[in-house]
Student: 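Before I ask anything, let me first share the structure, which is written out below as structure tokens.
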Amino acid sequence: MKVAALSGGVGGARFLRGLLAAVPPADVTIVGNVADDLEILGLHVSPDLDSVLYTLTGRSDDERGWGRAGETWNALESVAELGGESWFRLGDRDLGVHLVRTQLLKEGATLSEATERLAHALGLEAALLPATDDPLRTFVETPAGTFPFQTWFVGRGHRDEVDAVHYAGAPEARPAPGVLDALAAADVILLTPSNPYVSLGPILAVQEIRAALAARRAPCVAVSPLIGGRAVKGPADRMLARMAGGTTPAHVAAPYAGLIDALVIDDADAADAEIPGVRTVVVPTLMRDVAAARRLAAAALDAAGAPA
Ligand code: GDP
Ligand code: CA
């Protein structure tokens, strides 16, 4: 059974860790978000691809909730001392990855080739594909102005309410090599519990990816990132309240209209489980540990009629 999963960073990665415990990793292709990538200190940083890489290869700091375990911050302290750009938190171990990625890109590798090199070196058994090798960047429109994603998220601590998002480069972006093949070959397509607007939105804004999902033959199952109408972490609930008009399962499903067959929601949202045209599956969705993530992944596969 082949699985294709669309993922953002931390929330997606936690789910994927459960998925890889439930099915053979070699049967899984992950399509990752690249629209929060940034160039900083001369380096190409791909935060969501790296969250997936670190989490799935046992290198993530699960207590802090992002970045690498055993991280130190010497390089960033030195940058700050020199008056360099230190607002984006890059640890020493993390920087090593950005150095290698940036060199590969400078030598002419595509982002998907560079990602494959990193994933192979770190021992990732599933395939990790950037959604696109083309420049694709999320911008958020807020009452305080329009900001590049990381300026808003990290720089401003996502304090501004978001009226709209747009994805620069989306009309021209082509899916990275292997993405359409993975979607066509999949027996199940999963949308991980990532932020619908700023993690999965940009992937779905790549027109050929959206078209492939709209014309899917395999069932597509999404997992809600909200529990009791609240995000476990981050701004997804505030964004859904403002842009979709609420935080019920129907609002969570709205950005995926026409693209999903089922939505996995938490017990805490069971009262609002009726969504026209989308089957809902009600299970505990808090991923306290790998075992809980594995049960959630199994429920998502089950919802697709493909039990693990
Ligand atoms: P980012 O790119 O690192 O911001 O992460 P994602 O977009 O992949 O995931 C963020 C989302 O994951 C947030 O909206 C959280 O609510 C959701 N999330 C995190 N942990 C859990 C969990 O245990 N269960 C569920 N259902 N959602 C979670
Ligand atoms: Ca992200």
Side-chain angles (χ1 to χ4, degrees), residues 5-19 30-38 45-56 60-68 88-89 94 128 130-131 136-140 148-154 157-158 162 165 167 190-204 221-241 243-244 247 249 251-252 255-256 263-270 280-297 299-300:
L6 275 49
S7 179
V10 172
R14 280 192 195 142
F15 175 84
L16 292 169
R17 185 160 56 182
L19 179 66
I30 301 157
V31 178
N33 177 38
V34 295
D36 4 331
D37 285 21
L38 71 162
V45 180
S46 295
D48 283 3
L49 296 178
D50 290 344
S51 291
V52 170
L53 269 180
Y54 297 157
T55 303
L56 298 186
S60 55
D61 187 325
D62 294 337
E63 245 162 69
R64 193 187 324 117
W66 57 274
R68 292 187 66 155
F88 195 82
R89 311 297 298 163
D94 192 26
L128 174 61
L136 174 67
R137 296 292 178 267
T138 298
F139 286 79
V140 298
F149 175 77
Q150 298 293 0
T151 303
W152 169 72
F153 193 80
V154 177
H158 52 76
V162 179
V165 290
Y167 312 110
L190 299 177
L191 305 191
T192 62
S194 289
N195 187 307
Y197 294 109
V198 292
S199 287
L200 299 192
I203 303 176
L204 298 171
V221 178
V223 180
S224 174
L226 302 192
I227 297 181
R230 304 286 302 270
V232 176
K233 200 180 166 191
D237 48 1
R238 284 164 51 216
M239 298 181 88
L240 280 159
M243 287 190 279
T247 60
H251 295 109
V252 172
Y256 305 138
L263 177 69
V264 179
I265 63 171
D266 193 82
D267 295 320
D269 300 292
T280 48
V281 174
V282 184
V283 295
T285 68
L286 184 64
M287 298 179 282
R288 282 177 206 290
D289 50 27
V290 180
R294 185 196 164 136
R295 287 192 294 274
L296 181 57

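None of the values given here were measured: they were computed from a predicted structure. Numbering of ligands and ligand atoms starts at 1, following listing order.
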Student: Thr192 side chain to Leu6 main-chain N or O, any donor-acceptor pair under 3.5 Å?
Tutor: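 Yes, because the side chain of Thr192 sits within donor-acceptor range (under 3.5 Å) of the backbone of Leu6.
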
Student: Check each protein residue for a heavy atom under 4.0 Å from ligand 1 and list those that pass, ordered by chain and number.
Tutor: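 For ligand 1, the contacting residues are Gly8, Gly9, Val10, Gly11, Gly12, Arg14, Asp48, Pro193, Ser194, Asn195, Ser199, Ser224, Pro225, Ala231, Val232, Lys233, Ala236, Thr285, Leu286, Met287.
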
Student: Could you tell me whether a side-chain N or O of Arg89 sits under 3.5 Å from a main-chain N or O of Gly67, the two making a donor and an acceptor?
Tutor: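 Side chain of Arg89 to backbone of Gly67: no pair is present.
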
Student: With Ser60 as reference, evaluate Asp50, Val52, Thr55 under the side chain to side chain contact (heavy atoms under 4.5 Å, CB included) test and give the passing residue.
Tutor: Thr55

Student: Of Arg14, Arg288, Arg17, which meets salt bridge (charged side-chain N to carboxylate O under 4.0 Å, His left out) against Asp62?
Tutor: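 Exactly one option meets the salt bridge (charged side-chain N to carboxylate O under 4.0 Å, His left out) with Asp62, and it is Arg17.
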
Student: Looking at Gly8, is its backbone amide N or carbonyl O close enough to the side chain of Ser199 to form a donor-acceptor pair, meaning the two atoms are under 3.5 Å apart?
Tutor: no

Student: For a distance under 3.0 Å, give residue and atom name for each protein N, O or S atom next to the Ca ion (ligand 2).
Tutor: Asp36 OD2, Asp48 OD1, Asp48 OD2

Student: Going by heavy atoms in the side chains, are Phe149 and Pro202 under 4.5 Å from each other?
Tutor: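 Counting from C-beta outward, Phe149 and Pro202 never come under 4.5 Å.
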
Student: Among Val223, Leu296, Val232, find the residue that satisfies the side chain to side chain contact (heavy atoms under 4.5 Å, CB included) test when tested with Met287.
Tutor: Leu296

Student: Where the side chain of Asp266 meets the backbone of Gly228, is there a donor-acceptor pair that is under 3.5 Å apart?
Tutor: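 The answer is no, because no donor-acceptor pair under 3.5 Å joins these two groups.
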
Student: If you measure from the Lys or Arg side-chain nitrogens to the Asp or Glu carboxylate oxygens, is any gap between Arg230 and Asp237 under 4.0 Å?
Tutor: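 Answer for the salt bridge query: yes.
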
